[in-house]
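From a predicted model like this one, the values you see are computed outputs, not experimental measurements.
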Amino acid sequence: MGTYITLDIGKMELIGSKNDPGIDHGRLFHENDRKPIERDQDYAYECPNGFQATLSEVLPRLEMLGHTLSVARQEYESAVDINIRRRVEYAKDAGEPEPSFNFFSFDEILEIAAELDPSALSTAIDEDDEQPIRILAQELMERLPWYDAWDYAGRSYEPDTVFSQSTSAEYVLGGFHPYTVMRLLAENPGNLNSLVTWDYGPLVSNGYAREEEFTCSRRDQDCFLIVTEGGSDAAMLRHAIGLLRPQIADFFRYIDMEEGYPFSGTGQLHKFMQGLVAMRVPLNVVAVYDNDAEGVAAHGKTNALKLLASYRVCILPDLDEFSRFPTTGPTGLAMGDINRRAASLECYLDLSRRGLPDVVVQWGGFNDIAGSYQGSLKGKTQFMNDFLGYRGKEDRRGAYDFMKLEKVLDVLVGACVEIASEAAASMQAMRLR
């Protein structure tokens with residue numbers, strides 16, 4: 001019989017291996033997801049552990065690995081194209097008329113997936129039942145691009161009698177990457193509490209692997225180097241990600257600042273990106289500029305470089321809150337628009353906490369490239385230190401308003417997901433060449 005290790009969601013097996021660890025799924029989990037696994041059988045394994053987390057916890061990691069809905073659509077359309085090409089070539093070689101096709105559209109597949117509850121599927125098989133419970137009837141199965149009548153019937157010596165409800169669901173979505181299947185199921189909010197399990201315990205207990213082989217380490221190609229205009233910006237982004245995006249914090253890398261930040265300022269950041277481009281360094285890199293006059297100018301200049309597909313250049317987002325912001329300059333105090341003129345990362349912090357300086361931007365010189373005046377938030381070091389000292393719970397200064405920082409992280413994470421998604425889409429495109 002052998003010993004199997006599987007990656008499951010609810011009662012659906014996504015992928016497995018026999019007598020071997022198989023594919024490493026550690027990047028889906030954190031170390032605190034290692035826990036004893038409840039199993040159907042009464043047998044007590046010497047190693048009770050596996051990795052287990054809810055789909056809601058795994059979902060942001062799937063996106064960071066490039067398993068987005070747009071990639072799912074491309075996976076499906078690639079499967080359709082390959083199937084059509086294969087059938088047309090077969091008909092041509094056999095001297096038969098060109099076949100007609102009636103495949104599901106991707107949107108129809110998405111609707112089917114969104115109706116599934118992987119935790120509630122039956123695993124029972126009744127081979128005497130002429131009409132066992134299925135996700136789809138066989139005539140609908142035939143509309144799948146990965147359907148093959150011999151394969152479908154080959155799961156039993158009696159055609160169309162082997163599938164339990166769970167294996168029927170596995171077959172319906174079986175042409176997708178296992179991680180993409182989870183992404184599709186996540187379209188049903190009710191599935192977000194479903195358990196994703198990588199159960200290595202039986203394999204370890206039966207001597208086919210050691211528990212230390214199963215780790216949560218990240219591959220370099222799965223991670224993203226975040227570079228900013230200065231060390232303080234990097235420190236703030238790192239702290240914000242740790243507080244607000246803990247499920248994906250381990251996907252980010254930062255410049256080692258023990259010897260001092262090597263390129264402070266917009267000009268040095270641009271030169272760093274120039275160097276990466278010139279050397280064609282194969283990393284996932286996201287450069288982040290402030291939303292001020294200098295940042296706008298440098299952002300455009302850096303984006304004009306011949307960037308690798310794995311590079312992105314971002315600028316902090318415009319916010320409605322910044323359209324009327326306290327400013328001071330030659331004409332005195334006034335409410336002004338600091339978007340693209342003076343919105344450094346400190347402006348996205350909570351500036352209203354007790355005991356902090358009055359909020360005001362000081363206008364400075366005119367930036368010819370951006371065509372606007374450059375400004376700077378007064379007392380920004382105090383705002384920064386307050387944030388870096390915040391530990392996620394209300395303290396002597398009160399609670400913390402993360403609304404503006406959330407929008408910053410949306411931009412940053414969105415750039416990373418875009419890189420990963422495009423890489424996955426590129427791999428799909430290669431299959432059709």
Give the C-alpha distance, both sets of side-chain angles, the deciding distance and a yes or no for ring-ring contact (aromatic ring centres under 6.0 Å, His included) between Tyr348 and Phe387. CA-CA 11 Å; Tyr348 295 80; Phe387 173 62; over 10 Å; no

(message) Under the criterion salt bridge (charged side-chain N to carboxylate O under 4.0 Å, His left out), I'd like the reasoning laid out for Arg312 against Glu422: C-alpha separation, chi angles, the key distance, then a yes or no.
(response) CA-CA 12 Å; Arg312 289 295 183 279; Glu422 286 190 8; 3.0 Å; yes

- Item | Residues Glu108, Arg143; criterion salt bridge (charged side-chain N to carboxylate O under 4.0 Å, His left out); working and verdict | CA-CA 11 Å; Glu108 289 174 318; Arg143 295 182 60 192; 3.4 Å; yes

* Step by step, work out the salt bridge (charged side-chain N to carboxylate O under 4.0 Å, His left out) result for Arg73 and Asp107. => CA-CA 8 Å; Arg73 182 182 295 276; Asp107 290 332; 2.9 Å; yes

- Can you check ring-ring contact (aromatic ring centres under 6.0 Å, His included) on Trp146 and Tyr76, steps first, answer last? CA-CA 10 Å; Trp146 42 82; Tyr76 184 76; 5.8 Å; yes

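Counting heavy atoms of neighbouring residues, nucleotides and ligands inside a 6.0 Å radius, atom OH of Tyr90 does not exceed 12 of them. Atom CD of Glu38 has 12 or fewer neighbouring heavy atoms from other residues, nucleotides or ligands inside a 6.0 Å radius.
Aromatic pair Tyr200/Tyr45: centroids not less than 6.0 angstrom apart.
Salt bridge absent: Asp117 and Lys11 never bring a charged side-chain N and a carboxylate O closer than 4.0 Å. Salt-bridge formation is not detected for the pair Arg324/Asp337: no Lys NZ or Arg NE/NH1/NH2 atom is positioned less than 4.0 Å from an Asp or Glu carboxylate oxygen. Note on Glu96 versus Lys92: no salt bridge recorded, every NZ/NE/NH1/NH2 to OD/OE distance being 4.0 Å or above.
When the side-chain hydrogen bond (donor to acceptor under 3.5 Å, both in side chains) test is applied to Asp386, the partners found at least two apart in sequence or on another chain are Arg353, Arg397. Shown here are the side-chain contact (heavy atoms from CB on, under 4.5 Å) partners of Thr68, two or more places apart in sequence or in another chain: Glu63, Ser70, Val71, Val417, Ser421. Applying the salt bridge (Lys or Arg N to Asp or Glu O under 4.0 Å) test to Asp8 and every residue at least two apart in sequence or in another chain returns nothing. Legend: residues meeting ring-ring contact (aromatic ring centres under 6.0 Å, His included) with Phe402, ordered by chain and number and at least two apart, are Tyr390, Tyr400. For Asp250, the salt bridge (Lys or Arg N to Asp or Glu O under 4.0 Å) criterion is met by Arg61, Arg218, not counting sequence neighbours. Under the ring-ring contact (aromatic ring centres under 6.0 Å, His included) criterion, His25 pairs with Tyr179, Trp198, not counting sequence neighbours. By the ring-ring contact (aromatic ring centres under 6.0 Å, His included) test, Phe224 is found to be paired with no residue, residues two or more places apart in sequence or in another chain being considered. Under the rule for a side-chain hydrogen bond (donor to acceptor under 3.5 Å, both in side chains), Ser376 has no partner lying at least two apart in sequence or in another chain. With sequence neighbours excluded, no residue forms a salt bridge (Lys or Arg N to Asp or Glu O under 4.0 Å) with Asp401. Contacts of Glu31 classified as side-chain hydrogen bond (donor to acceptor under 3.5 Å, both in side chains), with partners at least two apart in sequence or in another chain: Arg34. Applying the side-chain hydrogen bond (donor to acceptor under 3.5 Å, both in side chains) rule to Arg219 yields the partners Asp222; only residues at least two apart in sequence or on another chain are considered.
Here the side chain of Asn191 pairs a donor or acceptor atom with the backbone of Leu116 at under 3.5 angstrom. Asp233 places no side-chain N or O within 3.5 Å of a backbone atom of Leu345 that could act as its donor or acceptor partner. The closest donor-acceptor contact from the side chain of Thr6 to the backbone of Ile15 lies at 3.5 Å or more, if one exists at all. In this structure, Gln247 contributes its side chain and Glu57 its backbone to a donor-acceptor pair below 3.5 Å. Under the 3.5 Å distance criterion, the side-chain polar atoms of Asn206 are left unmatched by any main-chain donor or acceptor of Tyr208. Remark: the backbone N or O of Ala342 is not paired with any side-chain donor or acceptor of Asp292 at under 3.5 angstrom. Of the possible donor and acceptor atoms, one in the side chain of Asp33 sits under 3.5 Å from a partner among the backbone N and O of His30. The main-chain N or O of Cys347 is found under 3.5 Å from a side-chain atom of Lys404 such that the two form a donor-acceptor pair. Under a 3.5 Å cut-off, the side chain of Gln165 and the backbone N or O of Thr123 do not form any donor-acceptor pair. In this structure a side-chain-to-backbone donor-acceptor pair under 3.5 Å is missing from Thr167 to Glu170.
Considering only heavy atoms from C-beta on, Cys216 comes within 4.5 Å of Phe51 through its side chain. Inter-residue side-chain proximity for Val227 and Val288 is flagged as unmet; no heavy-atom pair is nearer than 4.5 Å. Looking only at side-chain heavy atoms (C-beta outward), Ser194 and Ser119 come within less than 4.5 Å of each other.
Taken to the nearest 0.5 Å, the CD1 atom of Ile135 stands 5.5 Å off from the CG atom of Leu121. Put simply, CE on Met182 and CG on Leu62 are 5.0 Å apart, with the number rounded to the nearest 0.5 Å. Note that CG of Leu244 is 10.5 Å distant from CD1 of Ile248, once rounded to the nearest 0.5 Å. Atoms CD and CZ, from Gln374 and Arg341 in turn, are 10.0 Å apart once rounded to the nearest 0.5 Å.
Considering every non-hydrogen atom in both Ala240 and Leu409, the closest pair reads O-CD1, 3.8 Å. The heavy-atom pair separating Leu173 from Val181 by the smallest distance is O-CG2, 3.5 Å. Shortest non-hydrogen contact noted between Leu136 and Ile112 is CD1-CD1, 4.1 Å. The two residues Asn49 and Pro36 come nearest to each other via the heavy atoms OD1-N, 3.4 Å.
Listed by first then second residue, pairs satisfying side chain to side chain donor-acceptor pair (under 3.5 Å) with a partner in residues 297-308 read His270-Thr302, Tyr289-Thr302, His299-Asn303, not counting sequence neighbours.
Between Glu229 and Thr266, the side chains place no donor N or O within less than 3.5 Å of an acceptor N or O (distance only, hydrogens not considered).
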